[in-house]
Amino acid sequence: MDGGTPRLSSAKGNKVAVPLSDAALVQQGFFDRDPRAVAPELLGMLLISDKDGVVTGGRIVETEAYLGSDDPGSHAATKGITKRNATMYGPPGHLYVYFTYGNHHMLNLVCESEGTAGAVLIRAIEPTIGLETMRLRRQGRSDRELTNGPGKLAAALGLTMSDNGGGLIDSAIRIHALRLPAGERVATSGRIGLSAGHELHLRYYLEGHKNVSKGRIG
DNA sequence: GACGTGATTGTA
DNA sequence: ACAATCACGTCC
């Protein structure tokens, strides 16, 4: 493949705070399996958004796995393919972005092979890259509250429905395979905000991390 | 702690 | 037709 060097030289108005060139890009095959395996492994990895050369991002600190028909909390729970959830049944490694509560976009990464539903919801990142841009997109919020929730994160990264269905090559999102530093631990819990399926412990987060969301389990 | 937002989907 | 939903911001 064409290597792990992201297009950062074109970034306008953003200082890249973290050296990225050594971190390999995560490939599509990484996502071609159970989201319960993918979700915890994404923790600590670097998520980069490049919207027309404006680069933002940071390390992933909180994720949730969503399954197919066996998961009452998933958009793919009872039905088959609908207009909204079609991306969840598509090829792995693509972005599933949806709009909810009339206000917020959510970023998921599709898992499992094409034809099988599954995804990982990115719930929080540690905002480090393109801070100036993220502050503008999240005006009036403290740095700590820039990306500590799924709707907040999507807003800070500039994601909209036009990003739904994009692949890891042609979309705005790239993921770099960073290792979890010694001392950081993965914890699990029930997922947040669900009326069903909360008994499944499919939320994964870095224990004690400052940028983990404050939502309630249920 | 409760409410408005308001697209999509499931239920009536 | 109507209520619920993988939140967030604001007001009480």
Side-chain angles (χ1 to χ4, degrees), chain A residues 31 34-40 42-43 47 49 56 58 60-90 92 94-112 116-127 134-165 173 187-206 209-218:
Chain A
F31 296 96
D34 193 308
R36 288 169 288 197
V38 173
L42 283 173
L43 294 176
L47 179 74
S49 164
T56 51
I60 298 170
V61 300
E62 181 179 353
T63 59
E64 281 178 358
Y66 286 88
L67 316 178
S69 54
D70 291 335
D71 180 1
S74 170
H75 284 170
T78 60
K79 33 199 170 186
I81 298 178
T82 67
K83 194 168 189 178
R84 179 173 67 171
N85 70 17
T87 307
M88 280 187 85
Y89 292 83
H94 285 236
L95 312 186
Y96 173 40
V97 179
Y98 68 91
F99 188 65
T100 193
Y101 290 104
N103 290 298
H104 306 295
H105 296 278
M106 303 284 143
L107 171 63
N108 299 253
L109 290 156
V110 176
C111 296
E112 303 281 15
T116 302
V120 172
L121 172 66
I122 309 298
R123 284 197 56 89
I125 68 173
E126 174 184 19
M134 292 194 283
R135 287 177 187 131
L136 285 174
R137 289 171 176 162
R138 298 266 308 134
Q139 205 147 28
R141 308 293 144 201
S142 68
D143 282 5
R144 181 174 185 154
E145 307 229 327
L146 288 178
T147 57
N148 65 333
K152 301 174 186 180
L153 168 164
L157 299 183
L159 300 174
T160 68
M161 284 309 291
S162 67
D163 295 292
N164 182 44
I173 296 296
T188 66
S189 80
R191 293 171 294 183
I192 291 179
L194 300 188
S195 61
H198 48 278
E199 70 282 358
L200 302 171
H201 277 215
L202 300 181
R203 173 175 175 249
Y204 307 88
Y205 59 99
L206 294 184
H209 196 286
K210 179 180 182 177
N211 291 289
V212 167
S213 75
K214 293 178 261 186
R216 293 196 178 159
I217 301 166

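Just so it is clear, the structure is predicted and the values come from calculations on it, not from any experiment. Protein chains get the first letters and strands the later ones, always in sequence-line order, with residue 1 at the start of each.
When the C1' atom is used for both B:dG1 and C:dC6, the distance is 22 Å, rounded to whole Å.
A:Phe99 comes within 4.0 angstrom of sugar-phosphate atoms only, judged by non-hydrogen atoms across all strands, and of no base. Nucleic acid contact for A:Ser74: base, since at least one base atom lies under 4.0 Å from a heavy atom of the residue. Within the nucleic acid shown, A:Gly73 comes within 4.0 Å of at least one base atom, counting heavy atoms only.
The phosphate of B:dT9 (OP1 or OP2) has a side-chain N or O of A:Thr82 nearer than 4.0 angstrom. Close to C:dG9, at under 4.0 Å from its OP1 or OP2, lies a side-chain N or O of A:Arg138.
To the nearest angstrom, P of C:dA7 lies 11 Å from NZ of A:Lys152. Note: CZ (A:Arg84) to P (C:dA4) measures 16 Å, nearest angstrom. At whole-Å resolution of the value, NE2 in A:His104 and P in C:dG9 are 6 Å apart. What separates OH of A:Tyr204 from C1' of C:dC6 is a distance of 15 Å, to the nearest Å. Between the CD atom of A:Glu64 and the P atom of C:dT5 there is a distance of 15 Å, given to the nearest Å. Between A:Asn85 atom CG and B:dT8 atom C1' there is a gap of 10 Å when expressed in whole angstrom units.
Using bins of under 30°, 30° to 60° and over 60° for the plane-to-plane angle, the ring pair A:Phe99/A:His105 lands in the tilted bin.
Residues meeting the side-chain hydrogen bond (donor to acceptor under 3.5 Å, both in side chains) test with A:Glu145, sequence neighbours left out: A:Lys214.
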